[in-house]
Structure formats: C-alpha cells, structure tokens
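On a predicted model such as this, the values are computed, not experimentally measured, just so you know. Positions are given from 1 along the sequence.
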Amino acid sequence: MAKFQQLLITLFCILFLLPSSVFGECTCDAEDEGEDKPEALKYKIVGFVSILLASALGVCIPLLGRTVPALRPEKDIFFLIKAFAAGVILSTGFIHVLPDAFENLTSPCLSESPWQDFPFTGFVAMMSAIGTLMVDAIATSYYKNSQSDKVQQESGDAEKEGEQEGPLHVDTHTTHGHSHGSATMLLNSASSDLMRHRVITQVLELGIVVHSVIIGIAVGTSMNPETLKPLVAALTFHQFFEGMGLGGCITQAKFKSKAVAIMSLFFSLTTPVGIIIGLAISNVYSESSPTALIVQGVFDSASAGILIYMALVDLLAADFMSERMQNNGRLQIGANVALLLGTGLMTFLAKWA
C-alpha cells in the first residue's frame with residue numbers, strides 16, 4: 001500500500017508539472033469567441049465545490065456498508081450498484097476519454113509525421129490494457145506464491161507437533177491435521193480473493209486519477225462560460241457515479257481505515273486540484289499547443305485502456321461469471337439492467353462533457 005501511495009504521489013507530480021512545458025510555445029490559433037474570464041471564474045468556483053462534494057459523496061456511499069447492512073458486499077443491492085458503477089466506468093473509457101485522446105493525437109496542430117501516420121491513440125490504449133493485465137497477473141501470482149509458502153510452513157509445523165505427541169495420539173492429530181488443512185485452504189482462498197480485490201482497486205484508482213486531473217485542468221483553463229455550464233454539471237454527475245464504482249471496489253478490498261481515507265481523499269481531490277492548476281496556468285497555457293495535445297492525448301489513451309480493461313475484466317466479468325450471479329436469475333436481470341443504465345447515463349452526459 002505504501003508503494004502504491006508513493007506511485008500516486010509521483011504521478012501527481014508528473015501530471016502537475018507537465019502543463020508548464022507548454023508555456024510560450026507556438027500554437028494553432030485558439031478560438032476566443034465567447035470568452036468571459038470573470039463569468040467563467042464563477043462557474044469554475046461552483047465546479048470546484050460541486051465536483052469535490054459529488055466525488056466525496058459517491059466514493060463514500062458504498063463504504064457505508066460497514067454501518068448500513070443493505071450496502072454490504074454480500075447483499076444483492078451491492079451487486080446492482082457495482083454493475084451500475086462498472087457501466088459508468090466502461091462508458092467513461094469508451095465515450096468520454098478515448099474520443100478526446102483521438103481528437104488530441106490527430107489534431108491538425110500536430111506535425112504530419114509521425115502523428116498523422118500512426119494510430120498512436122489505439123496503440124497506447126492497447127499497451128496500457130496489456131500493461132494492466134501484466135500488473136494484475138504478476139501481483140496476484142506473487143501473493144498466491146507467498147501465501148502458499150506460508151501454508152506449507154504451517155503444515156510442516158503441525159506435523160512436527162503431531163510427531164512429538166507420540167503414537168497414542170496419531171488418529172486424533174491426523175483428524176486435527178485434516179481439519180487444520182481444510183481451514184487453512186479456505187483461509188488461503190479468502191486471502192487470495194482479498195488480495196485480488198486490492199490489486200483491482202489500486203490499479204483502477206490509478207486510471208481514474210490520471211483522467212480526473214486532466215479534465216480538471218481542462219475546466220480550469222476554459223474561459224467560455226457557455227462551455228463551462230454544461231461541462232460542470234456533467235462532470236459533477238460523472239465524478240459521483242465513478243466514485244460509487246471506486247468505493248465499491250475499496251469496500252470489497254477491506255483496506256484499513258487509514259488506507260480507505262487516503263484512497264477516498266485522493267479520488268475526491270484530483271479533479272478539484274486539477275481545476276486549481278488550470279486556473280493558475282490559464283493565462284499562459286494553450287490547450288491547442290502541440291505539447292499540450294500530445295501530453296493530454298497520451299495520458300487519455302493510457303487512462304482509457306486501464307478503465308476499459310478494469311471495467312470489462314475485473315469488475316463485470318468477475319461478477320457476471322460468479323456462481324452467485326449464475327444461480328440467481330433475478331439478480332442477473334437486475335445487474336444487466338443496472339449495467340445498461342450506467343452506460344446509458346454516461347453516454348447521455350457525453351453530449352455536454
């Protein structure tokens with residue numbers, strides 16, 4: 001967990017310092033129509049507050065399962081909320097982030113070669129998804145192997161204890177050994193599932209943080225009130241539902257209270273902090289400069305790859321193919337409806353975002 005926190009801090013530093021590299025650079029002509037800085041500032045302040053509150057509320061709702069029995073992971077309502085949130089995350093990757101990446105990396109402001117000659121957006125998204133798969137598999141495999149070593153060591157200790165007890169107690173300890181082995185196997189399986197949820201949660205938050213900072217900077221640098229009005233409203237709903245998806249994963253991962261607080265705070269603050277950065281650099285930053293387009297396009301592509309992989313493989317496939325879902329027709333229908341509602345809502349919001 002400490003290494004993941006260090007990675008997030010490093011990523012924050014990279015994302016926050018990169019916009020400074022576009023200062024004073026030759027750019028394509030930007031559209032100045034409709035610009036009104038004082039009016040735009042009002043919407044940015046409203047956006048900062050509303051997005052912060054919506055993000056915090058969204059990520060905290062699933063966490064209430066500790067105090068609200070209906071929201072606990074073993075309840076059907078949790079499955080429905082998670083399916084809805086997974087649809088939101090999937091739609092975010094396909095409908096919101098990936099098209100922006102295509103637009104940035106195929107912009108006429110970029111040179112013909114290599115940006116117009118190679119599909120960088122799809123390539124980066126693909127490599128990002130593959131990289132996520134590798135991290136997912138390696139982290140899970142490492143934990144399983146370490147747990148297996150612990151189980152073998154515990155079994156060896158149990159055998160030594162049985163030998164020391166003497167031959168009169170062989171049958172009793174043999175039975176106890178089998179019982180102990182079965183319990184250990186169940187405990188190992190539960191620990192493996194827990195580790196899997198923790199890996200999923202950390203990788204998912206990484207993908208969300210990347211694009212959240214970028215959209216925050218986009219809001220902070222915009223000077224057009226007519227653009228900001230629908231954008232702030234759409235992003236408020238977007239962050240709320242995306243927070244629900246992340247909160248559901250954090251709940252299943254069963255992190256300690258400190259880790260839960262840190263991860264929730266990271267998610268809640270990324271977009272608002274991005275808005276502050278955008279405000280700070282709005283006078284010298286041009287979103288149509290080649291460097292800005294490349295940086296945003298590459299990060300959006302990578303974020304889209306992570307979000308699409310996580311939504312399809314780790315969130316939807318894992319739940320929809322589980323025995324619980326397969327053996328419950330009503331839950332299956334409800335989850336499918338929730339999934340379609342989540343993707344449909346975020347697709348509808350794409351009109352303004």
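- For the pair P225 and A40, the tightest heavy-atom approach, listed with the atom from each and the gap, is CG-N, 3.9 Å.
- Taken to the nearest 0.5 Å, the CG atom of L206 stands 10.5 Å off from the CZ atom of F266.
- For the atom pair CZ of F240 and CD1 of I61, the computed distance is 3.5 Å after rounding to the nearest 0.5 Å.
- None of F79, F241, F78 except one satisfies the ring-ring contact (aromatic ring centres under 6.0 Å, His included) rule with F84; the exception is F241.
- Criterion: ILVMFWY side-chain heavy atoms under 4.5 Å apart, direct or through other members. Under it, M126 and M134 are part of a common hydrophobic cluster.
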Throw together a table of side-chain donor-acceptor distances under 3.5 angstrom for residues 110-121, partners on residues two or more places apart or in other chains.
| from | atom 1 | to | atom 2 | distance (Å) |
| --- | --- | --- | --- | --- |
| S111 | OG | S113 | O | 2.9 |
| Q116 | NE2 | S107 | O | 2.9 |
| T121 | OG1 | A101 | O | 3.4 |

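- How far CD1 of I276 is from CD1 of I281: 12.5 Å, rounded to the nearest 0.5 Å.
- Side-chain atoms of D76 and N328, non-hydrogen and from C-beta on, do get closer than 4.5 Å to each other.
- Heavy atoms only, all atoms of each residue included: A125 and L98 are closest at CB-CD1, 4.2 Å.
- By the salt bridge (Lys or Arg N to Asp or Glu O under 4.0 Å) test, K37 pairs with no residue at all, sequence neighbours left out.
- Partners of H211 according to the ring-ring contact (aromatic ring centres under 6.0 Å, His included) rule, which considers only residues two or more places apart in sequence or in another chain, are H238.
- Residues T271 and E242 fail the side-chain proximity criterion, which asks for heavy atoms closer than 4.5 Å.
- Note that the OG atom of S222 and the CD1 atom of I275 stand 11.0 Å from one another [nearest 0.5 Å].
- Within 6.0 Å of the CZ atom in F237, the count of heavy atoms belonging to other residues, nucleotides or ligands does not exceed 12.
- Put simply, the side chain of F255 reaches to within 4.5 Å of the side chain of Q202, judged on heavy atoms.
- By the ring-ring contact (aromatic ring centres under 6.0 Å, His included) test, F267 is found to be paired with no residue, residues two or more places apart in sequence or in another chain being considered.
- In this structure, N224 CG and K229 NZ are separated by 10.0 Å, a value rounded to the nearest 0.5 Å.
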Worked check of side chain to side chain contact (heavy atoms under 4.5 Å, CB included) between L279 and L41
CA-CA 9 Å; L279 278 168; L41 181 60; 3.8 Å; yes
Mind listing the side-chain donor-acceptor pairs of residues 309-319 below 3.5 Å, one per line with the distance, residues two or more places apart or on another chain?
| from | atom 1 | to | atom 2 | distance (Å) |
| --- | --- | --- | --- | --- |
| Y309 | OH | D136 | OD2 | 3.3 |
| D314 | OD1 | R196 | NH2 | 2.7 |
| D319 | OD2 | K82 | NZ | 3.3 |

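- Using a 4.5 Å cut-off on side-chain heavy atoms (C-beta onward), H197 and K254 make no contact.
- Nearest heavy atom pair, residue I306 against residue S128, reads CG1-OG, 3.1 Å.
- The residue from T106, N104, L105 that alone fulfils the side chain to side chain contact (heavy atoms under 4.5 Å, CB included) condition with L293 is N104.
- Hydrophobic clustering (side-chain heavy atoms under 4.5 Å, transitive across Ile, Leu, Val, Met, Phe, Trp, Tyr) keeps L340 apart from M321.
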Pair up each side-chain donor or acceptor in residues 47-60 with any protein partner under 3.5 Å, not counting sequence neighbours, and list the distances.
| from | atom 1 | to | atom 2 | distance (Å) |
| --- | --- | --- | --- | --- |
| S50 | OG | V46 | O | 2.9 |
| S50 | OG | G47 | O | 3.3 |
| S50 | OG | T236 | OG1 | 3.1 |
| S55 | OG | I51 | O | 2.7 |

Before you tell me yes or no, could you show the steps for T201 and R198 under side chain to side chain contact (heavy atoms under 4.5 Å, CB included), namely the whole-Å CA-CA distance, both residues' side-chain angles and the distance that decides it to 0.1 Å?
CA-CA 5 Å; T201 303; R198 290 184 174 180; 5.7 Å; no
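- A 4.5 Å side-chain heavy-atom check between L331 and L80 finds at least one atom pair inside the cut-off.
- Within the 4.5 Å cutoff, side-chain heavy atoms of V97 are placed close to those of T92.
- Of the inter-residue distances, the one linking I217 atom CD1 with S212 atom OG reads 11.0 Å to the nearest 0.5 angstrom.
- Heavy-atom minimum distance, Y43 versus V232: O-CG2, 3.8 Å.
- The shortest non-hydrogen separation linking L307 to G207 is CD2-C, 4.1 Å.
- Side-chain N or O atoms of T251 include one that pairs as donor or acceptor with a backbone N or O of P62 at under 3.5 Å.
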Which is it for N336 and F320 under the side chain to side chain contact (heavy atoms under 4.5 Å, CB included) test, yes or no, and what are the steps along the way?
CA-CA 9 Å; N336 279 286; F320 276 60; 3.5 Å; yes
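- When the side chains of ILVMFWY residues are joined at heavy-atom separations under 4.5 Å, either directly or via intervening members, I200 and I208 end up in a single hydrophobic cluster.
- Under a hydrophobic-cluster definition in which Ile, Leu, Val, Met, Phe, Trp and Tyr are linked whenever side-chain heavy atoms come within less than 4.5 Å, directly or via other members, V203 and L133 are assigned to the same cluster.
- When all heavy atoms of K44 and V219 are compared, the pair lying nearest together is CE-O, 3.4 Å.
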